[in-house]
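Note on naming: letters A, B, ... go to the chains in the order of the sequence lines (proteins, then strands), and numbering restarts at 1 for each one.
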Protein chains: 2
Amino acid sequence: MFSIGQLSKQTGVKVPTIRYYEQVGLLVSAGRTEGNQRRYDKGGLERLGFIRHARDLGFSIEAITALIDLQQHPDRSCQEATLIAQHQLTDVREKLLRLKALEAELVRIADGCDGEGNSEECYVLASLADHQHCRGEH
Amino acid sequence: MFSIGQLSKQTGVKVPTIRYYEQVGLLVSAGRTEGNQRRYDKGGLERLGFIRHARDLGFSIEAITALIDLQQHPDRSCQEATLIAQHQLTDVREKLLRLKALEAELVRIADGCDGEGNSEECYVLASLADHQHCRGEH
DNA sequence: TCTACAACCTCTAGTCACTAGAGCTTCAAG
DNA sequence: CTTGAAGCTCTAGTGACTAGAGGTTGTAGA
């Protein structure tokens with residue numbers, strides 16, 4: 001049996017975050033000692049590890065709730081889980097595209113200026129004021 | 001002179017967002033009609049355009065406040081603005097690296113499963129439960 | 001067995017950058 | 001002069017935590 005602090009150390013999830021996960025129903029309520037402190041078993045450790053991993057991969061709490069739900073119903077098709085993962089992948093790819101475009105423009109802006117001179121003629125500020133220079137959307 | 005709605009249409013920034021920007025001091029308080037409605041001139045339009053562009057590039061409100069501050073003090077060196085932009089670029093590049101790693105793992109997870117069978121043997125769920133398979137950090 | 005104190009508990013409020021809604025007033029076209 | 005879209009303020013909600021206050025419990029050492 002682990003205390004919440006031990007669980008935290010083993011998973012790398014902060015103590016208040018564990019309590020928060022329980023509060024929003026992501027983690028089933030832990031058993032308690034007579035003095036009302038939470039105690040976890042190996043199962044609890046594994047569930048939190050799952051959540052941690054999924055959160056690290058950017059899955060929303062909502063998506064993780066759905067995945068855990070699927071785990072608890074082994075009769076249900078795996079297709080749903082795959083759909084959630086693929087949706088997440090699409091999401092990540094969209095963000096990647098956006099970020100790449102931003103990087104390009106920031107390079108243009110940040111490197112276009114030698115850092116000398118005063119801000120009246122600053123290239124950074126001029127670039128931000130004038131959207132015209134931008135290639136592509138945002 | 002523009003109303004807040006016209007300003008919104010021209011810049012693509014939603015009306016409540018414009019009011020929010022004013023509230024947090026990002027946009028100087030607009031002049032008002034006798035009936036207390038905001039009226040903007042060309043300067044206001046340009047300032048909001050600047051903010052919009054910077055937000056699109058992911059600059060925080062705090063960073064934008066600093067940039068606007070620099071604009072208002074043309075005697076100050078441009079170096080500070082360049083620093084802010086470079087900091088933002090570093091940030092974007094870090095996010096890019098992280099996202100690329102996530103993409104790789106999501107491909108592994110989402111494509112490793114044919115979507116058939118039940119969730120007991122689902123590769124997505126197994127992968128999320130078991131961190132061991134992961135290459136690299138997260 | 002006692003004591004000290006780290007770790008636990010609950011609850012509320014704060015973070016960021018908005019967004020939504022209630023309930024009211026003003027502006028402008030017909 | 002009427003109508004209704006657009007404006008106003010204020011409060012509260014979003015997601016995923018994080019921080020702090022103020023009180024209680026568990027446990028290691030004396």
Side-chain angles (χ1 to χ4, degrees), chain A residues 1-27 29-40 44 47-48 50-68 84 87-88 91-92 95 98 102 138, chain B residues 1-27 29-40 44 47-48 50-68 84 87-88 91-92 95 98 102 138:
Chain A
M1 297 295 254
F2 315 107
S3 69
I4 197 169
Q6 291 168 327
L7 200 69
S8 167
K9 245 174 222 152
Q10 298 221 34
T11 57
V13 178
K14 287 181 194 155
V15 170
T17 306
I18 298 174
R19 288 199 275 252
Y20 168 74
Y21 286 161
E22 183 182 315
Q23 190 195 313
V24 298
L26 191 49
L27 213 48
S29 298
R32 303 283 181 129
T33 64
E34 295 216 343
N36 200 33
Q37 298 198 355
R38 291 170 180 83
R39 285 300 115 100
Y40 300 88
R47 276 191 294 280
L48 186 57
F50 178 94
I51 293 168
R52 166 89 216 268
H53 193 185
R55 282 296 300 137
D56 277 351
L57 287 170
F59 287 84
S60 69
I61 297 237
E62 203 188 338
I64 299 173
T65 305
L67 288 169
I68 288 176
I84 293 173
H87 181 87
Q88 179 62 17
D91 228 64
V92 165
K95 277 187 195 143
R98 236 184 101 68
L102 295 194
H138 55 242
Chain B
M1 296 295 255
F2 314 107
S3 69
I4 197 169
Q6 290 168 327
L7 201 68
S8 168
K9 245 174 224 155
Q10 298 224 30
T11 58
V13 179
K14 286 180 194 155
V15 168
T17 306
I18 297 174
R19 288 198 276 252
Y20 167 76
Y21 286 161
E22 183 182 313
Q23 190 195 312
V24 298
L26 190 51
L27 212 48
S29 296
R32 302 283 181 128
T33 63
E34 295 215 340
N36 199 35
Q37 299 197 355
R38 292 170 180 82
R39 285 300 113 100
Y40 300 87
R47 276 192 294 280
L48 186 56
F50 178 95
I51 292 168
R52 165 89 215 265
H53 193 187
R55 282 296 299 135
D56 277 351
L57 287 168
F59 287 85
S60 69
I61 297 239
E62 203 186 340
I64 299 173
T65 306
L67 289 170
I68 287 176
I84 293 172
H87 180 86
Q88 179 61 17
D91 229 64
V92 165
K95 277 187 196 144
R98 235 183 102 68
L102 295 194
H138 54 240

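- Across the interface with DNA chain D, nearest-nucleotide mapping of B/Lys9 and B/Glu22 shows B/Lys9 to be the residue nearer the 5′ end.
- Put simply, B/Thr33 has no side-chain N or O that comes within less than 4.0 Å of OP1 or OP2 on C/dT26.
- Residue contacts shown for B/Tyr21 are limited to sugar-phosphate atoms, with no base heavy atom under 4.0 Å away.
- Looking only at side-chain heavy atoms (C-beta outward), A/Arg38 and A/Arg32 come within less than 4.5 Å of each other.
- Here the side chains of B/Tyr20 and B/Leu26 are not in contact, with every heavy-atom distance at 4.5 Å or above.
- In this entry the distance linking CZ of B/Arg52 with P of C/dA17 reads 16 Å, nearest Å.
- Checking D/dT18, C/dT19, C/dA17 against the side-chain heavy atoms of B/Ile61 singles out C/dA17 as nearest.
- B/Gln6 places its CD atom 11 Å from the C1' atom of D/dA6, with the value rounded to the nearest Å.
- Rounded to an integer number of Å, the gap from A/Arg32 CZ to D/dT24 C1' is 13 Å.
- For C/dC18, neither phosphate oxygen OP1 nor OP2 lies less than 4.0 angstrom from any side-chain nitrogen or oxygen of B/Lys14.
- Each of D/dC8, C/dC9, D/dA16 was ranked by its minimum atom distance to the side chain of A/Ser60; first place goes to D/dA16.
- Among D/dT25, D/dG7, D/dC17, the nucleotide with an atom closest to any side-chain atom of A/Gln37 is D/dT25.
- Side-chain contact check for A/Arg47 versus A/Ile68: every heavy-atom pair is 4.5 Å or farther apart.
- Nearest nucleotide to the B/Val15 side chain, out of D/dT18, D/dG7, D/dA16: D/dG7.
- For A/Ser3 and C/dC8, the shortest distance from a side-chain N or O to OP1 or OP2 is below 4.0 Å.
- A/Tyr40 has its side chain out of reach of A/Leu48: every pair of non-hydrogen atoms, C-beta onward, lies at least 4.5 Å apart.
- Comparing atom distances between the A/Arg19 side chain and each of C/dC9, D/dT27, D/dT18 picks out C/dC9 as nearest.
- In the set C/dA17, D/dG7, D/dA16, the nucleotide with an atom closest to the side chain of B/Tyr20 is C/dA17.
- Considering only side-chain atoms of B/Ile4, the nucleotide from D/dC8, D/dT18, C/dT19 that sits closest is D/dC8.
- When the nearest nucleotides of DNA chain C are assigned to A/Gln23 and A/Tyr40 by heavy-atom distance, the more 5′-ward of the two goes with A/Tyr40.
- B/Arg38 comes within contact range of the sugar-phosphate backbone alone, with a heavy-atom separation under 4.0 Å but no base atom that close.
- Going from atom CG of B/Asn36 over to atom P of D/dC10 covers 10 Å, rounded to whole Å.
- If you take NZ on B/Lys95 and CG on B/Leu102, they are separated by 13.0 Å, rounding to the nearest 0.5 Å.
- Residue A/Arg39 has no polar side-chain atom (N or O) positioned under 4.0 Å from OP1 or OP2 of D/dG26.
- Spacing between atom CD1 of A/Ile18 and atom P of D/dA16 amounts to 17 Å, rounded to whole angstrom units.
- If you check every strand for non-hydrogen atoms under 4.0 Å, B/Arg55 touches sugar and phosphate atoms only.
- You'll find the side chain of B/Ile51 stays beyond 4.5 Å of the side chain of B/Thr11, heavy atoms only.
- Out of D/dT9, C/dT10, C/dC18, the shortest distance to the side chain of B/Thr17 is found at C/dC18.
- Nucleotide C/dT25 holds its P atom 18 Å from the CD atom of B/Glu34, rounded to whole Å.
- Atom CD1 in A/Ile51 sits roughly 10 Å away from atom P in D/dC17 (whole-Å rounding).
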